[in-house]
Protein chains: 2
Amino acid sequence: MATLKDVAALAGVSVKTVSNVVNGYAFVKPENRRRVEEALLTTGYRPNLGARNLRRGRTGFVALVLPELVVPYFAELAGLVLGAAQEHEWNVLIEQTLGTREGERDTLASLGPHMIDGAIVSPEALEARDFGELAPGIPVVMLGEHSVDLPIDHVGIDNVEAARVAVAHLVALGRTRIAAIGAHPHRGTAAQRLAGYRIALAEAGLPVHDELVATALNYHRRDGAEAMARLLAADSPPDAVFCFNDLLAVGAVRAAVERGVRVPSDMAVVGFDNTEEGAYSVPSLTTVAPDKAAIARAAVDLLRRRVEEPERPPEHVRTPFSLEIRESTRGGA
Amino acid sequence: MATLKDVAALAGVSVKTVSNVVNGYAFVKPENRRRVEEALLTTGYRPNLGARNLRRGRTGFVALVLPELVVPYFAELAGLVLGAAQEHEWNVLIEQTLGTREGERDTLASLGPHMIDGAIVSPEALEARDFGELAPGIPVVMLGEHSVDLPIDHVGIDNVEAARVAVAHLVALGRTRIAAIGAHPHRGTAAQRLAGYRIALAEAGLPVHDELVATALNYHRRDGAEAMARLLAADSPPDAVFCFNDLLAVGAVRAAVERGVRVPSDMAVVGFDNTEEGAYSVPSLTTVAPDKAAIARAAVDLLRRRVEEPERPPEHVRTPFSLEIRESTRGGA
DNA sequence: CGGGCGCTTTACAACGTTGTATCAACGATG
DNA sequence: CATCGTTGATACAACGTTGTAAAGCGCCCG
């Protein structure tokens, strides 16, 4: 509850001098500095961030806008962003949009103008161009898919290549009817991963069967299970499946097992995201492993640089990934 | 970027009148109200929350302090708290303590004084009494375990009874060597669940074997796997295990399967938290299912009431739970 | 017709902080 | 000795908002 005024009174100096000490201003007489520091301790002074920000025009907050915390990938990412932001003395405001475009818009419209210095956005329903209208002047870093033509900073992996590598791995196992789960009409990442899937099949000289490409409107376990059920009900079911995230893969495995289809011998499964859940599931999940810590660090870093220098040209950061091979594609066939 | 001043100039009234319109003050001449509302729209005015809060002495932020977002239980809970807080027009600041007491202290010490109206805390290493010292005067609601003697609002389930029910279920299956995973020297919830475990065994006339109680210093999948490995390496391994959370259970199942122990026939497993992961794992996990939505709602509600009326006596809210029976205890033996 | 009351609006101050301008003291420089 | 630059401290204003007090207006009642 102590304010600068209280500290100043106790130390016998002006408010501004205390402020100077607090902010590390160099030219303060040692004697006064000592007295002020003592007074700071005895009063237990804590700056009022609201007031400071009002004056400085900065808030010290950044928003992390993502679809849902219950999706482990986002939970893990959020944890890492929290950590990375802490190093820059930023507080993170996590906002769930629940996948609706309105959610994403409202969030930015209400917080945008004054309460945040910038935002890290993992878009889902949102079209990136919405930001121009809704959060004018707010520094934004996008995660995941990006449209290169948009002048917005962006961090992500090469989704096309990652998907290609994943499917090539299935090809190398000798699988020939390789399905994909996760196609989506409006999601950029889905389009890219689908493209990588097609490239890998083409490289292997395998035909692309449209009935082996399963749509998933959400990327939850349930959607993966439903998609797998559909695939298995078809005339000639697949012998492998590439799922666009680990949750879909978990659901797919579950649905397969329930129908007596063995993983990996009857059905090899590859996921995407390398969530810890996949590493412990039975069987453990082969998956594309993006470097999440690198993504979080790069996003925070990019945002910091943009806040400091708003006019710099937008940057696109490619973070590395690897293919984590586990039981769901090991042995069998 | 528009301020009250801009809107006032445009509408031809004073700043305060605009403020009155914005805040729904009743006595504004209809004509003026109309003009102001029009000006609000054309300027796209958004209140500067920082300034408003500085003046009002409220911030509109609450902190949600929890150990780790990567633990699905906390991620799910955080999502629900976010939703519940939104209804009260609160923004939620999620803080990860990573289980260290310093983390929990620092967080509250820096945000406490000015930036938050209150905090919902899920303590782990933290001793509840720390709050008295570190966040003096900040309304706090505790989740999970509680010491009744502390004058702090609290929300949680009856851990003793929940554990008793879970273990009684294992007893009813005919298991006789029932282990527990998750004992912990400093965690209140661990003590309570252990107590419930002992009660259930006593009620069944089964002896408590100390070597069947496995400690877990963290509640991660890895710790569950390690604990199960230890239990299986012992002379006479258990035929069932009650894990103090779902992550431990997932790890335990994994470790069992790796050693050729079948779940549930050789080893029945019960978890705690009813995370979605457990529902989809293979085999799906029988688990104690707390009503997380109720917890989130009650916590936010309790906090709101305490903010409005700081002197009311502390309240302890018991939220309901159920036992969700799934494959990991079905059939077998 | 004057005093009081309800409606409506406004000026002002204040929340706690920091940037700017100013001022004073001092030693060094020409 | 006058001037200048450096060091150190301070008063003031301002960030955008809202509570308080007060004032103007019209109306009713005594």
Side-chain angles (χ1 to χ4, degrees), chain A residues 1-40 43-61 89 91 110-117 137, chain B residues 1-40 43-61 89 91 110-117 137:
Chain A
M1 306 281 238
T3 71
L4 284 183
K5 208 163 124 189
D6 304 326
V7 180
L10 185 58
V13 295
S14 78
V15 171
K16 191 64 217 284
T17 298
V18 180
S19 169
N20 285 337
V21 170
V22 170
N23 292 290
Y25 183 65
F27 302 123
V28 177
K29 203 161 41 170
E31 161 67 7
N32 280 345
R33 178 180 300 273
R34 202 192 50 71
R35 297 241 308 272
V36 169
E37 276 165 354
E38 192 182 310
L40 284 174
T43 55
Y45 170 79
R46 293 264 139 201
N48 181 323
L49 299 182
R52 170 179 287 178
N53 298 335
L54 175 60
R55 186 60 242 245
R56 285 189 178 162
R58 295 258 191 106
T59 70
F61 287 86
E89 303 197 308
N91 285 105
S110 81
L111 289 177
H114 303 294
M115 278 314 288
I116 58 174
D117 294 339
Chain B
M1 304 282 235
T3 71
L4 284 183
K5 208 164 125 189
D6 304 325
V7 180
L10 185 58
V13 296
S14 79
V15 171
K16 190 64 217 286
T17 298
V18 180
S19 170
N20 285 338
V21 171
V22 170
N23 292 291
Y25 183 64
F27 301 121
V28 177
K29 205 161 40 169
E31 162 66 8
N32 279 345
R33 178 180 298 274
R34 202 190 50 72
R35 300 241 307 270
V36 168
E37 275 164 355
E38 192 183 309
L40 284 174
T43 55
Y45 170 79
R46 294 263 137 203
N48 182 322
L49 299 182
R52 171 179 287 177
N53 298 334
L54 174 60
R55 186 58 242 245
R56 285 190 179 161
R58 296 256 188 108
T59 69
F61 287 86
E89 304 197 308
N91 285 104
S110 81
L111 289 177
H114 302 294
M115 278 315 288
I116 58 173
D117 294 339

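Because only heavy atoms are used, hydrogens play no part in the values below, and waters and symmetry mates are left out as well, while side chains stay in. Chain A is the first sequence line, chain B the second, and so forth, proteins listed ahead of strands; every chain is numbered from 1.
- Taking atom CG of residue A:L4 and atom C1' of nucleotide C:dG19, one finds them 14 Å apart after rounding to whole Å.
- Between the NZ atom of B:K16 and the C1' atom of C:dA14 there is a distance of 13 Å, rounded to whole Å.
- A donor-acceptor contact under 3.5 angstrom links the side-chain atoms of B:R55 to the base of D:dT18.
- Within 4.0 Å (heavy atoms only), B:N53 reaches no atom of the nucleic acid at all.
- For B:Y45, a side-chain nitrogen or oxygen approaches OP1 or OP2 of D:dT17 to under 4.0 Å.
- A:S19 places no side-chain N or O within 3.5 Å of a backbone atom of A:V15 that could act as its donor or acceptor partner.
- Per the geometry, CZ belonging to A:R35 stands 13 Å off C1' belonging to D:dA9, to the nearest Å.
- Rounded to whole Å, the distance from CZ on B:R58 to P on D:dG19 is 11 Å.
- When rounded to the nearest whole Å, the span between NZ of A:K5 and P of D:dT10 equals 16 Å.
- In terms of phosphate contacts, A:R56 brings a side-chain nitrogen or oxygen within less than 4.0 Å of OP1 or OP2 of C:dT18.
- Residue A:F27 contributes atom CZ, which lies 21 Å from atom P of C:dC23 at whole-angstrom precision.
- Between B:N20 atom CG and D:dA21 atom C1' there is a gap of 14 Å when expressed in whole angstrom units.
- Nearest to the side chain of B:S14, among C:dA11, C:dT17, C:dT18, sits C:dA11.
- As rounded to whole Å, 17 Å separates atom C1' of C:dT17 from atom OH of A:Y25.
- For the pair B:T17 and C:dT9, the criterion of a side-chain N or O lying under 4.0 Å from OP1 or OP2 is not met.
- Atom CZ of B:R52 sits about 12.5 Å away from atom CG of B:L54, to the nearest 0.5 Å.
- One distance of note links CG of B:D117 with OG1 of B:T59; it measures 3.5 Å at 0.5 Å rounding.
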